[in-house]
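Let me begin by presenting the structure, written as structure tokens, before commenting on it.
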Amino acid sequence: MILAFETSCDDSAVAIMDMTGKLVANEISSQIPFHQQYGGVVPEIASRQHLLTLPLVLRYTLEKNGLTLNDIKAIAVTSAPGLVGSLLVGISYAKTLSWIKNIPLIPVDHLEGHLLAPFLDNPELTFPYLGLIASGGHTHLVVARELGSYQLLGKTIDDAVGEAYDKVAKMLGFHYPGGPVVDKLAAEYLHPDIDFPLPLKGKKVLNFSFSGLKTAVRNEALSRGVYVERRKLLHYDDFMRSEDSPKKRDIMNIASSFQKIVEKIISKRFQQALRMYPHKKIVITGGVAANRGLRKELTKLASNRQIDFYHPQTKNCTDNAAMIAYVALQYIKKGNKNFDNNLKLNASPRSPLGQLELEHSV
Ligand code: KG4
Ligand code: ZN
């Protein structure tokens, strides 16, 4: 069995997968409550919290499944990209266990984990496909040709899409993470009527940009008197329980209109990409792939074009260790890498997939 750790940001995650690919355990301890009062992830708090939590999550995972470290034949760990302090906790822990038990240590690129995560929940999925990694740190449109062979078609030139969701929600007065809040507000407010500008309009590129859109949302919130700056932030449920008012409706309208334009941006990029690089399968993955509006929009797009659309189940969209175990297993099966003497493994804020350059500019 493979034991996998994921600590690249604010989730301490542990998974166990058997050598046939069956997921035996997939546990996550979220740190969100520790960061919420600061409006985002605080790196120093994140690494300290991993140090406290990771051994407990591991013990819980093993005991719950009646396993011991003797059942583990390889260890996988996210080595990049992410917060270096957080990555280092997972890597040091994984290295120590690999050394003590004398078993291979497999470093995994977090972005490759996200890109291949749809395989966890869709056994019929095969390479090649057109995939969008849409997370809090990345917005990468990639052709996944086969294991380890990825072509970057476009990426964000400023904010990541998840970051834009978080910032918009914060401006409107909501706690981190903002994506799930905007998702829920949009599902409640069905007739958004603010036309936010489409970024990079008229440019023949497959890149993304969210910072201009974020400014447009800020201006709209300011003009309607609902822009919140350094005031007490709310949770979704408290907001929904508050009395109906024009301001409440303005907040919901802005959130829902933002959701609508993000759906349009992403759907449009997929359509452009499919015209240039025809594929039979499209994939969205990473935290933002949990978004119901986006899933609906891409389901529609796929059905119009008679192609297939895949995404991981919600738990496997956001950061998790199951995707790390999955990638490690694929490389073990491929058998062309030696993972034995990996005690020199270090953390990196950047990863090979994250560093890919556009091969083709249009
Ligand atoms: O993949 P992930 O867990 O961490 C990174 O690798 O960054 O993604 C986290 C991001 C956050 O920005 C969060 O707001 C966003 O995913 N997110 C969502 C939803 N759930 C999480 N964005 C939109 N709609 C959602 N339902
Ligand atoms: Zn992630």
Side-chain angles (χ1 to χ4, degrees), residues 4-13 15 26 28-32 35-36 39-41 43 46 78-83 86-87 90 108-118 120 131-140 155-156 159-172 174-188 208 210 213-214 233 235-236 255-256 258-263 265-266 283-298 311-324 326-327 349-351 353-354:
F5 298 110
E6 153 62 44
T7 63
S8 66
C9 191
D10 60 339
D11 292 298
S12 307
N26 186 13
I28 299 171
S29 169
S30 166
Q31 301 179 359
I32 287 174
H35 299 283
Q36 248 169 1
V41 177
T78 304
S79 58
L83 302 172
S86 290
L87 288 166
V108 175
D109 179 338
H110 180 81
L111 294 180
E112 191 170 16
H114 275 309
L115 188 59
L116 304 197
L120 290 168
L132 179 70
I133 305 168
S135 70
H138 295 84
T139 313
H140 266 43
K155 61 179 174 179
T156 181
D159 292 350
V161 57
E163 192 181 352
Y165 270 102
D166 294 334
K167 287 179 177 168
V168 162
K170 194 174 170 188
M171 286 177 207
L172 297 176
F174 295 98
H175 273 297
Y176 169 86
V181 178
V182 173
D183 188 345
K184 286 187 245 176
L185 290 172
E188 289 290 330
F208 297 84
F210 291 97
L213 174 59
K214 190 181 66 191
L233 297 173
H235 290 283
Y236 173 79
S256 189
F258 171 76
Q259 168 68 39
K260 195 175 74 176
I261 187 84
V262 174
E263 286 168 18
I265 293 166
I266 290 180
V283 155
I284 184 162
T285 183
V288 179
N291 188 276
R292 288 168 293 171
L294 267 174
R295 287 179 178 181
K296 218 190 242 170
E297 191 65 26
L298 294 177
H311 57 77
Q313 62 164 300
T314 296
K315 186 179 182 186
N316 295 331
C317 287
T318 44
D319 290 348
N320 65 83
M323 65 187 192
I324 304 305
Y326 180 83
V327 171
R350 277 171 278 280
S351 76
L353 220 160

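We count ligands from 1, going down the list as the structure has it; atoms in each ligand are counted the same way. FYI, side chains are in, hydrogens and waters are out, and symmetry mates aren't considered; it's all heavy atoms of this structure.
Around the Zn ion (ligand 2), the protein atoms of type N, O or S that sit closer than 2.8 Å are His110 NE2, His114 NE2, Asp319 OD1.
Residues meeting the side-chain contact (heavy atoms from CB on, under 4.5 Å) test with Glu163, sequence neighbours left out: Asp159, Ala160, Lys167. Not counting sequence neighbours, the partners of Lys184 by the side-chain contact (heavy atoms from CB on, under 4.5 Å) test are Tyr236, Arg292.
Ring geometry for Phe210 versus Phe208: interplanar angle under 30°, hence parallel rather than tilted (30 to 60°).
Around ligand 1, the residues contributing at least one heavy atom under 4.0 Å from the ligand are His110, His114, Ser135, Gly136, Gly137, Gly162, Tyr165, Asp166, Pro177, Gly178, Gly179, Pro180, Asp183, Gly286, Gly287, Val288, Ala290, Asn291, Cys317, Thr318, Asp319.
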Intermediate values then yes/no, side chain to side chain donor-acceptor pair (under 3.5 Å), Asp319 and His114: CA-CA 8 Å; Asp319 290 348; His114 275 309; 3.0 Å; yes
Derivation and outcome, side chain to side chain contact (heavy atoms under 4.5 Å, CB included), residues Ile133 and Leu353: CA-CA 11 Å; Ile133 305 168; Leu353 220 160; 4.3 Å; yes
Pair Glu263-Asn291, side chain to side chain donor-acceptor pair (under 3.5 Å): steps then yes or no: CA-CA 10 Å; Glu263 286 168 18; Asn291 188 276; over 6 Å; no
Verdict with reasoning, Glu6 to Ser8, per side chain to side chain donor-acceptor pair (under 3.5 Å): CA-CA 6 Å; Glu6 153 62 44; Ser8 66; 2.6 Å; yes
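A pairwise comparison of heavy atoms in Thr318 and Gly287 identifies CG2-CA, 3.7 Å as the closest pair.
Around NZ of Lys315, the count of heavy atoms belonging to other residues, nucleotides or ligands within 6.0 Å exceeds 12.
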